[in-house]
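What follows is a set of notes on a single structure, which appears directly below.
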Amino acid sequence: QVQLVESGGGLAQPGGSLRLSCAASGFMLEHYHIGWFRQAPGKEREGVSCINKEDSDIYYYESVKGRFTISRDAAKNTVYLQMNSLKPEDTGVYYCAADPFIAPNIQAACVQDRGFGSWGQGIQVTVSS
């Protein structure tokens with residue numbers, strides 16, 4: 001079975017850091033395009049960061065540029081989202097997603113929230129003093 005499980009969320013202070021992990025089972029992540037999404041109460045789900053399977057095309061949501069970094073570790077079959085300089089507006093439920101057939105423009109898939117077929121269950125991130 002295909003499964004994605006997020007971990008590493010929780011409470012952080014403004015200016016602090018968290019690293020989210022997404023462990024995959026049932027498939028090898030190195031053959032999949034990856035996305036991190038988040039959703040705050042009352043808001044639309046938004047693409048935070050996405051990376052193609054070749055690691056040659058990376059997209060970051062404008063508000064997280066310079067603060068968040070997406071990466072993968074093929075040996076551990078895990079993808080990460082390193083989040084630094086956290087702000088209260090980063091609060092939300094974070095999801096990882098994967099799909100082998102995302103179009104060449106990873107930004108379009110990330111912004112439009114389309115094309116990702118496998119999703120994790122989500123994990124809460126709260127940024128507050």
Side-chain angles (χ1 to χ4, degrees):
Q1 65 180 27
V2 175
Q3 188 174 44
L4 295 167
V5 179
E6 300 96 337
S7 62
L11 177 65
Q13 295 184 345
S17 297
L18 289 172
R19 188 177 74 163
L20 302 183
S21 299
C22 178
S25 62
F27 63 98
M28 302 305 295
L29 280 176
E30 67 263 33
H31 303 302
Y32 283 70
H33 309 282
I34 305 296
W36 283 98
F37 298 81
R38 68 187 181 190
Q39 188 168 25
K43 296 184 178 180
E44 298 287 334
R45 187 169 63 192
E46 61 190 15
V48 177
S49 182
C50 296
I51 186 169
N52 69 348
K53 61 185 179 181
E54 297 85 5
D55 291 350
S56 60
D57 191 9
I58 302 174
Y59 166 81
Y60 293 100
Y61 189 61
E62 184 67 28
S63 69
V64 310
K65 288 181 179 178
R67 300 188 298 118
F68 290 12
T69 303
I70 189 171
S71 63
R72 74 176 83 216
D73 186 334
K76 297 182 178 180
N77 210 29
T78 300
V79 298
Y80 303 97
L81 185 68
Q82 179 68 45
M83 305 185 294
N84 298 327
S85 301
L86 284 164
K87 303 176 180 180
E89 54 262 42
D90 295 319
T91 295
V93 177
Y94 282 67
Y95 303 86
C96 66
D99 199 274
F101 303 119
I102 298 296
N105 188 348
I106 195 71
Q107 176 178 339
C110 212
V111 170
Q112 296 174 13
D113 191 7
R114 298 177 64 179
F116 289 94
S118 299
W119 290 79
Q121 80 284 359
I123 190 165
Q124 180 70 40
V125 171
T126 301
V127 184
S128 179
S129 298

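Just so we're clear, the structure is a prediction, and the values are computed from it rather than from any experiment. We count residues from 1, following the sequence as given.
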| field | Inter-residue atom distance Cys22.SG - Gln3.CD, 0.5 Å rounding | value | 10.0 Å
| request: Check whether any side-chain N or O of Asn52 sits under 3.5 Å from a backbone N or O of Asp57 as a donor-acceptor pair, and report yes or no. | output: yes
| query | Only one of Tyr95, Tyr32, Phe37 forms a ring-ring contact (aromatic ring centres under 6.0 Å, His included) with Phe116, so which one is it? | reply | Phe37
| field | Nearest heavy-atom neighbours spanning Ala24 and Leu4 | value | CB-CD2, 3.7 Å
| said: Can you confirm whether Cys50 sits close enough to His33 that some side-chain heavy atom of one is under 4.5 Å from a side-chain heavy atom of the other? | reply: no
| Taking C-beta and beyond as the side chain, do Ile51 and Arg72 meet within less than 4.5 Å on heavy atoms? | yes
| message | I'd like to check Glu46 versus Tyr61 (side-chain heavy atoms, cut-off strictly below 4.5 Å). Are they in contact? | response | yes
| said: Please determine whether the number of non-hydrogen atoms from other residues, nucleotides or ligands lying under 6.0 Å from atom CD of Glu44 exceeds 12. | reply: no
| message | Is there a side-chain contact between Leu20 and Glu6 in this structure, where contact means two heavy atoms from C-beta onward sitting under 4.5 Å apart? | response | no
| remark: Heavy-atom nearest pair, Ser21 first then Thr78, reads CB-CG2, 4.1 Å
| message | I need the Gln121 CD to Cys96 SG distance, nearest 0.5 Å. | response | 7.5 Å
| task | First locate atom CD1 of Ile34, then atom SG of Cys110, and finally report the distance between them rounded to the nearest 0.5 Å. | result | 11.0 Å
| field | Separation of Asp90 CG from Thr126 OG1 (nearest 0.5 Å) | value | 11.0 Å
| note | Between Gln124 and Gly92 the two heavy atoms that sit nearest each other are NE2-O, 3.6 Å
| Taking only residues two or more places apart in sequence or in another chain, which ones pass side-chain contact (heavy atoms from CB on, under 4.5 Å) with Phe101? | Asp99
| query | Hey, does Met83 have a side-chain heavy atom less than 4.5 Å from the side chain of Val48? | reply | no
| field | Hydrophobic cluster membership, Trp36 vs Val111, 4.5 Å side-chain cutoff | value | yes
| request: Verify the cluster assignment for Val127 and Leu11: are they in a single hydrophobic cluster under the rule of side-chain heavy atoms below 4.5 Å apart? | output: no
| message | Using modelled atom types and a 3.5 Å cut-off, is there a donor and acceptor pairing between side-chain atoms of Tyr59 and backbone atoms of Gly35? | response | no
| Gap separating the CG atom of Asp73 from the CG atom of Leu29, nearest 0.5 angstrom | 10.5 Å
| request: Check Ser17 against Gln82 and note the closest heavy-atom contact, atom names and distance. | output: CB-NE2, 4.0 Å
| field | Distance (rounded to the nearest 0.5 Å) between Gln13 CD and Leu86 CG | value | 11.0 Å
| field | Same apolar cluster (I L V M F W Y, side chains within < 4.5 Å links), Ile102/Val2 | value | yes
| message | Can a donor-acceptor pair be found, under 3.5 Å and without considering hydrogens, that links the side chain of Asn77 to the backbone of Phe27? | response | yes
| Would a hydrophobic clustering, with Ile, Leu, Val, Met, Phe, Trp and Tyr connected at side-chain separations under 4.5 Å, put Leu18 with Tyr80? | no
| message | Measuring only between side-chain heavy atoms, which start at C-beta, is Ser49 closer than 4.5 Å to Val64? | response | no
| said: Is it the case that over 12 heavy atoms from other parts of the model lie below 6.0 angstrom from the CZ atom of Arg45? | reply: yes
